[in-house]
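Okay, so here's the structure we're looking at.
As the structure is a prediction and not an experimental result, all values here were calculated from the model. Ligands are counted one by one from 1 in listed order, and the atoms in each one are counted from 1 as well. Worth knowing before you read on, the calculation uses all heavy atoms, side chains too, and leaves out hydrogens, waters and symmetry mates.
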Amino acid sequence: MRTQVVIIGGGPSGLLLSQLLHKQGIDTVVLERKTRDYVLGRIRAGILEVGFVDLMRQAGVSERMDAESFVHDGTVISYGDEQFEINFKEHTGTSVVVYGQTEVTRDLYDAREAMDGKIVFNTENVQIHDADSDAPYVTYTVDGTEQRIDCDFVAGCDGFHGVSRQTIPLTVRKEYEKLYPFGWLGILSETPPVHEELIYAASDRGFALCSMRNDNLSRYYIQCSLSDSPDDWTDEAFWQELKRRIPAEHAENLITGPSIEKSIAPLRSFVTEPMRWGRLFLCGDAAHIVPPTGAKGLNTAASDIHYLYTGLLQFYQDGDSEGIDSYSEKALARIWKAERFSWWMTNLLHRFPDQSPFDLKMQAADIAFLRDNHTAQSVLAQNYVGLPY
Ligand code: RFL
Ligand code: PHB
């Protein structure tokens, strides 16, 4: 078999790239290790930057998002019972959109299927060959049979645990990593959101986040120990702990109910450089991870797709390789800023096990400065709505 671009991974990065390229007549094959249902069952990000929304529009898959998403013009930051709002619209003239990653992925799958896009599920043993030559190819096994696809380019959209990054030799690849000494315990519940905006809550007991998916679907998180397991937390224990970490005014209004999903995610900052090796390009979680404070994970994946898509278009339409040659540099320049922002917001709002009384005072001063300073709020707002591509 032959295609122009083999895309490894059928998560949001891979599907978005496939759909954008398809609209321009560029042929792709997506190889996904899991089933469609498994991919759609993962509850992850909820906040989209305008850049992401624009890409969904360019990809022709924005109809349901435009109809069902919520526009958020600001967010609440709280510490104990105190709180203040940061208004994105006032500071940046723009907003963010609340629309779950599950919905994004579903819309992309529906669109790919409507166009007979080639997606192979349940692939095993995917291997990338000769990525540093002009004739790369990918082999994989499906239903016990080994297959080979020859191609012009390979897009590694296979997440943090994929094979693409590992294909780049260690002599070329440099990795930067920071692990945080806590995780996020998240639940999804069919209850109305506690507040119309998200609440990022710092408290003596640790961080909490009140988020949402729609009018009757809420997503809440609490900072937890890395040794915790979701089974250690009954729904009742979760709600009690959440109430202790958010301002009393919201705790009193919180409507609780049974969780329909409960999971723990460890927090990590990670970047690999370069993001291109020969004809292999890394995108999204395959190349970088941010802690979720700041909602940048899915959004940084989207900016990679933007740079790769425009580079490939330039190559196929104008015979110009400038865009793909500068892909790694352009993507990384934006990624490192999102890494900094996510790291900063994580440090601002979480409790760290080894914090000294001095460290706690510094954290409190940082929050007070943000509360009182218009420019500091503007900096947060610019980063939160997303830096320009
Ligand atoms: P994904 O979504 O991980 O998709 C990668 C796909 O590649 C497949 N795959 C392979 N396929 C073929 N062969 C192989 N060898 C393969 N290895 C892997 C996988 O099955 C999968 O379908 O990466 P992508 O597309 O780059 O998208 C990135 C986003 O998913 C990610 O940045 C965010 O979800 C991160 N993230 C969150 N971001 C936020 O902004 N807000 C959040 O609340 C939030 N919560 C989360 C998260 C990530 C989590 N992970 C990765 C554990 C919660 C969790 C639990
Ligand atoms: C979510 O709704 O899942 C969410 C929102 C904002 C974040 C992280 C996660 O910063």
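The contact set between ligand 2 and L198, taken as ligand atoms under 4.0 Å from a residue heavy atom, comprises 5 (C), 6 (C). Listed by number with element, the atoms of ligand 2 under 4.0 angstrom from any heavy atom of I47 are 5 (C), 6 (C). Counting atoms of ligand 2 from 1 in the listed order, those under 4.0 Å from a heavy atom of R219 are 3 (O).
With a 4.0 Å heavy-atom cut-off, ligand 2 is reached by no atom of V98. When heavy-atom distances to ligand 2 are checked against a 4.0 Å cut-off, S211 comes that close only through its side chain, counted from C-beta outward. Counting heavy atoms closer than 4.0 Å to ligand 2, residue R44 contributes backbone atoms (N, CA, C, O) but none from C-beta onward. Using a 4.0 Å cut-off between heavy atoms, K296 contacts ligand 1 through its backbone alone, with no side-chain atom that close. Contact annotation for D158 and ligand 1: heavy atoms of both the backbone and the side chain come within less than 4.0 Å of the ligand.
The protein heavy atom nearest to atom 42 (C) of ligand 1 is A45 CA, 3.4 Å. For atom 19 (C) of ligand 1, the closest non-hydrogen atom of the protein is E32 OE2, 3.5 Å. Here the heavy atom of the protein found nearest to atom 13 (N) of ligand 1 is V126 CG2, 3.7 Å. Annotation: atom 21 (C) of ligand 1 to nearest protein heavy atom, R42 NH2, 3.2 Å. Summary of contacts: the protein heavy atom closest to atom 8 (C) of ligand 2 is P292 O, 3.5 Å.
The existence of a salt bridge linking K262 and D235 is confirmed by a sub-4.0 Å separation between a basic side-chain nitrogen and an acidic carboxylate oxygen. Of the charged side-chain nitrogens involved, none lies within less than 4.0 Å of a carboxylate oxygen, so that K330 and D325 do not count as a salt-bridged pair. Remark: D110 does not engage R64 in a salt bridge, criterion side-chain N to carboxylate O under 4.0 Å.
For ligand 2, one of its N or O atoms has an N or O atom of A295 under 3.5 Å away.
Ring geometry for Y109 versus F121: interplanar angle of 30 to 60°, hence tilted. Relative ring orientation between W184 and F207 is described as parallel, the plane-to-plane angle staying below 30° on a 0-90° scale split at 30° and 60°.
Geometrically, R148 engages Y137 in a cation-pi contact, judged by NZ or CZ lying under 6.0 Å from the ring centre and within 45° of the ring axis. Seen from the ring of Y309, K23 does not count as a face-on cation partner, given the 6.0 Å and 45° thresholds.
The closest non-hydrogen atom to atom 6 (C) of ligand 2, taken over Y221, Y200, W184, comes from Y200.
By the 4.5 Å heavy-atom criterion applied to side chains, N347 and D366 are not counted as neighbours.
Residue-ligand proximity: E124 is placed with every non-hydrogen atom at 4.0 Å or more from ligand 1. Look at Y221 and you'll find a heavy atom under 4.0 Å from some atom of ligand 1. Within the structure, the closest approach of K296 to ligand 2 does not fall below 4.0 Å when heavy atoms are considered.
No side-chain donor-acceptor contact under 3.5 Å links S218 and S189. Checked by atom type, the side-chain pair S303/R334 shows a donor-acceptor distance below 3.5 Å.
Centroid-to-centroid, the aromatic rings of H350 and F182 come within less than 6.0 Å.
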